Amino acid sequence: MTLAVVSSSVVLEPDHLRKVVGHFQQHDAFAFDVESVDNDEYPNTRGVPALNRVTWLSMATHGMTAVIPLGHPIGTKVIGQGKEPRTDKNGTVKMFRVPVYEPPPIQMEIGRAFDILRPLFFNEGIRKVGHEITFDLGSVAKYWGEVPPGPYADTKSIMRLLDENTARRGNGLKTWTERIFGVKYDTENVGKCVESHPFDTVAHYSYMDSLYTWLLYQYARPLIDEEDLQRVNRVEEDLISCLVGMRLAGSRMDVPRLENLRGELKTDLIGIEGDIYKAAGQQFNINSPRQRCNVLYLPKKEGGQGLRPWRLTPGGKKWVDEGHEATIDSWSTDAETLKSYPKNTVARTMLNYADTNRMLTGFVNAWLGIEGDKKHPPQIYDGYIYPEYQPHGTVTGRFSGRAPNPQNIYRADTPRGETIRGGFIAPDGYSLVVGDYGQIELVILAHLIGHGKLFDGFWAGIDPHIVTAAGILGKPTDSVTKDERQYFGKTMNFTIVNGGQWRLVAEMIDCGEREAKRILSKHEKEFPEIYAFKKAVFKKARSRRPPHVRSILGRKRRMWDLLSSEYKWAAAAERETFNFLIQGGAADLMKLALIDTDYQLGQLVPDAYVSMCVHDEQTVVTPTDRAEQVRAIMVESMTGPHIQKLIKVPLSVDCNIGQRWSECH
DNA sequence: CTTCACTCGTGG
DNA sequence: AAATCCACGAGTGAAG
């Protein structure tokens, strides 16, 4: 591809910017990119579009680019040397030599610049393109007080659709620019700390970012059509405004409750720690797997507990498979193992420690931050968290979430979950409305097969775990007990969706090899349509080049390993392929539902907004007096005709209203 | 000092 | 012969 950059400029004057906006408005699409810095009150807000401060905006379209500095602090030329105090990791302050730059050119006041940019960004005939556009869109939206309307395009999303197997870390603009255009830039990581780099350097960097976003869009967008991915791409585009809304809204947290919890957990932990040391007769690092192994598995005369390990770690298993002798730290000290030594005080207490420690470090400390610890900055700002959702964070199309991740918080029906989910609250005058799909993965499975016992069960309103348990036990569904549903139904359905073998079944329901194998063969006999369907899926996938399957919305999962002659790899590929159909199908539905919820709220209850999504569950924050209306909207958006028409079995949703997340299940 | 693999444990 | 899908992240410990 040849690059013809006709006109490019650094824009410092309002009149100049007006001209630029005029030129850009003559095209039907443009790419843009934002550079941002931490705001003054908090560290670590650079990645939070609701809070960061935009210091550069660059744009690119056909033969035209513009770079708009909006408050870069330093100029280009070095005019001297100064000293700056910095704290190292030991907390000691040292003076570092730093270059002193000339003052920067006079730049436009940010509000004024955004006033001039408004007609371009709010033009609904012009497509706005970004690489991970939710960040850039969110960053600029706060200056207008509203999110610019679509149409949008996201090159990161596009590249993920075209190549879902690319490592998530290798999905950045720089990676694609190098891979596709052979161009390498930003070797000095300007983007990580723009404010300390000279003006011209950042100008060039910013220019390159939007230019290559644009060129990447030009390159990749036609491939979406070529690979017949228009439909899923359209859904990803339509989802963008909802995602920007979620990122800007964040979620209100009950900080005093978390602070109290932190105190309690810390005290508990110190007590447990003492108990372990006392029982073990020594002090050691309880968080170190290796040291735990020594304490637990060394013979008593060598100071250990003399317990017999029985479960290898994944790494330990690999080591043994390679023909080595297992070492003491090849053995696992996980909860499953520790539970098998109920009479040993050290093991019992370690279990308690791990649980409490995880609650403290993984959630409370992670969110509140640790004072003076640079590695643990607070993730709550003025009582709000702002999770970063990646709409293409997984190969299956599900979201991933981070900083903090709202998707791996203890379930609400556990004591820990009750406590920690209680930390998610509605703002004053508002309520939370949470909608949760019922058995969404099995709904997808039954839909894909299109007939059979699960399919009929859904139409008869019978829980799929009960259907499966009844089949295995050879008795009517209305006589299946709660335990039978759990042990036979839930376990086997899980096994089908994720591709487990007898070992897994035996472990999950705590039975022997014979019984596990009997259950599996009985399942196959009673539910032959599932196995026939799987077989057909793999056959079809293998007939394609590259071998692949597609989800309900047409998202692709390419799987070369399906052709592997090594059983290990081919079998793993089959499990992944099949799971993709189910997990990916569920993700498709959730994305459609989110788009509709967001749209309907905008039309009917503009003060309400989507705030969270956990795979099969969405949360809306609404003025309390509109909560019932929002509940109706959510039920409609999750199960209404626009979605139900895609699925051959009835969808169900459980929707609850509360002041705390913990109350909504 | 940074980066990476590994272990463990949450969620769906 | 070898057999559980998709994530994030805290912490340890070793390698670059």
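Worth saying up front: this structure is predicted, and the values here are computed from it rather than measured. By convention in this document, chain letters (A, B, ...) are assigned in the order of the sequence lines, proteins followed by strands, and residues within each chain are numbered from 1.
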Is there a donor on the side chain of A/R402 or the base of C/dC8 sitting less than 3.5 Å from an acceptor on the other? no

Parallel under 30°, tilted from 30 to 60°, perpendicular over 60°: which one fits the rings of A/F527 and A/H523? parallel

Base, sugar-phosphate, or nothing for A/A572, non-hydrogen atoms under 4.0 angstrom? nothing

Under-4.0 Å salt bridge between A/D329 and A/R292: no

Does B/dC8 have OP1 or OP2 sitting under 4.0 Å from an N or O in the side chain of A/T333? yes

Salt bridge check: are A/E236 and A/K591 linked by an N-O gap of less than 4.0 Å? yes

Does a nitrogen or oxygen in the side chain of A/T495 sit under 4.0 Å from OP1 or OP2 of C/dT4? no

A/T394 side chain N/O closer than 4.0 Å to the phosphate oxygens (OP1, OP2) of C/dA7? no

Please walk me through it: do A/H615 and A/Y437 pass ring-ring contact (aromatic ring centres under 6.0 Å, His included)? CA-CA 9 Å; A/H615 307 309; A/Y437 271 124; over 10 Å; no

So what does A/E617 hit on the nucleic acid, given a heavy-atom distance under 4.0 Å: a base, only sugar-phosphate, or nothing? nothing

Regarding C/dC5, can its base be found pairing with the side chain of A/E576 as donor and acceptor, where the two atoms are less than 3.5 Å apart? no

For A/R398 and C/dC5, is the shortest distance between a side-chain N/O and OP1 or OP2 below 4.0 Å? no

Students often get this wrong, so: under 4.0 angstrom with heavy atoms, is A/F494 touching a base, only sugar-phosphate, or nothing? base

Rounded interatomic separation in angstrom, taking CD from A/E441 and C1' from C/dT4: 13 Å

Hey, is the side chain of A/R411 pairing donor to acceptor with the base of B/dG12 inside 3.5 Å? no

